[in-house]
There are 2 protein chains.
Amino acid sequence: MITEFTKTVSGSGVKLTPQRMAILDCLNGNESHPSAEEIFRHVSQTYPMMSFATVYNTLSMLRDKGLVLELTIDPARKRYDPNVKLHHHVICLGCGKIADVHAEYELDVPADIAEAFVMSGNHVEFYGTCRACGNAAQLKGE
Amino acid sequence: MITEFTKTVSGSGVKLTPQRMAILDCLNGNESHPSAEEIFRHVSQTYPMMSFATVYNTLSMLRDKGLVLELTIDPARKRYDPNVKLHHHVICLGCGKIADVHAEYELDVPADIAEAFVMSGNHVEFYGTCRACGNAAQLKGE
DNA sequence: ATTTAGGTTTAGAATCATTCTTGACAAATA
DNA sequence: TATTTGTCAAGAATGATTCTAAACCTAAAT
């Protein structure tokens, strides 16, 4: 079944290939903020000949076309989010799980910054501990 | 001259060494948000025997003690900020320059997130184009 | 049917940032 | 002095990401 996401990508002047469709299917509606490696592992199950380079190429292409967000909130690796509508994120400092924060904030910058930069966007990173990690810490008596 | 920053670090139970003092001096009051490599290059001028590992060790130690911030805003590398007071950052998408954004924002998270995470902090990333890069783009007729 | 041209994929090498390991060393302690 | 503890240097190792070169696919042109 062809998803809306696949249609969107296809409609933006990109050639569709089985590999790309598999990557798009993996991303479509995916709220787990997967890394390139997780996407590679997932699509490899269907296409064992899939190359890591194809995953990176496709993700870079999607990022350049504004069809996925490349998140830097995880210091260890980039994470990808097919939801490009304005939203923010929280990362668990224990396990690295990332969740969406659907909220809008008034974020006016001070005058000195407004003069020195033409602003094009912003993103709020929240740091916290998820339920699972909090419970685990309690069990260990912390 | 011994800076306040050096005294703070020294007072937090770590041994002071010439290498560490050089790194602290490099960081003290530094608002350029240097990368590990930039710090290494700088302190190497004074101490050519300085090892990259020492820079990373020292930065990790300072980060663990809460004496520097490790910024993930630059997708290419980590940046360090000796100013640990609450503030945010803007990065120039052209040249990667990072500037401080001294502002406080009301950032309450939605109920579903507040239930799923114990929040410990947040950070706003602004994306923009600095004067220099904006002018350069104009010269090229963009 | 063949050729050509362009973009795509693959596999692996290369790169870059970062972490790890090991042995030497130095100050602090016994 | 001997021991402990923490630090340092050098380089190896790791891991994410990018690059390269050759093979591949598809569509258009012959």
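Remember, predicted model here, so these are calculated numbers, not experimental data. Quick note on labels: first sequence line is chain A, next is B, and so on, each numbered from 1.
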Could you please name the option among [options] that lies closest to any side-chain atom of [X]?
{"X": "A/M50", "options": "C/dT10, D/dT17, D/dA9", "result": "C/dT10"}
{"X": "A/N57", "options": "C/dT10, C/dT18, D/dC8", "result": "C/dT10"}
{"X": "A/Q19", "options": "C/dT19, D/dA9, C/dT10", "result": "C/dT10"}
{"X": "B/S51", "options": "D/dC8, D/dA9, C/dT18", "result": "D/dA9"}
{"X": "A/S60", "options": "D/dT18, D/dA9, C/dT19", "result": "D/dT18"}
{"X": "B/A53", "options": "C/dG7, C/dG12, C/dC20", "result": "C/dC20"}
{"X": "A/K15", "options": "C/dT9, C/dG7, D/dT7", "result": "C/dG7"}

Rounded distance in Å - [atom1] ([X]) to [atom2] ([N]):
{"X": "A/M61", "N": "D/dT18", "atom1": "CE", "atom2": "P", "result": "15 Å"}
{"X": "B/I39", "N": "C/dA17", "atom1": "CD1", "atom2": "C1'", "result": "14 Å"}
{"X": "B/E37", "N": "C/dT19", "atom1": "CD", "atom2": "P", "result": "15 Å"}
{"X": "A/F52", "N": "D/dC19", "atom1": "CZ", "atom2": "P", "result": "16 Å"}
{"X": "A/M49", "N": "D/dC25", "atom1": "CE", "atom2": "C1'", "result": "14 Å"}
{"X": "B/L16", "N": "C/dA27", "atom1": "CG", "atom2": "C1'", "result": "13 Å"}
{"X": "B/Y56", "N": "C/dC16", "atom1": "OH", "atom2": "P", "result": "13 Å"}
{"X": "A/R41", "N": "D/dG15", "atom1": "CZ", "atom2": "C1'", "result": "14 Å"}

side-chain N/O [X] vs [N] OP1/OP2, d < 4.0 Å:
{"X": "B/R20", "N": "D/dT7", "result": "yes"}
{"X": "A/S35", "N": "D/dA16", "result": "no"}
{"X": "B/K78", "N": "C/dT19", "result": "yes"}

If you look at every heavy atom in [X] and [Y], which pair is closest and at what distance?
{"X": "A/V68", "Y": "A/L59", "value": "CG2-O, 4.2 Å"}
{"X": "A/M50", "Y": "A/F40", "value": "O-CE1, 3.2 Å"}
{"X": "B/Q19", "Y": "B/T54", "value": "CB-CG2, 4.0 Å"}

**Message:** So A/T54, base contact, sugar-phosphate only, or nothing? Heavy-atom distance under 4.0 Å.
**Reply:** base
**Asked** Aromatic rings A/F126 and A/Y105: how do their planes relate, parallel, tilted or perpendicular, breaks at 30° and 60°?
**Response** tilted
**Student check: side-chain heavy atoms of B/H87 and B/L69 closer than 4.5 Å** = yes
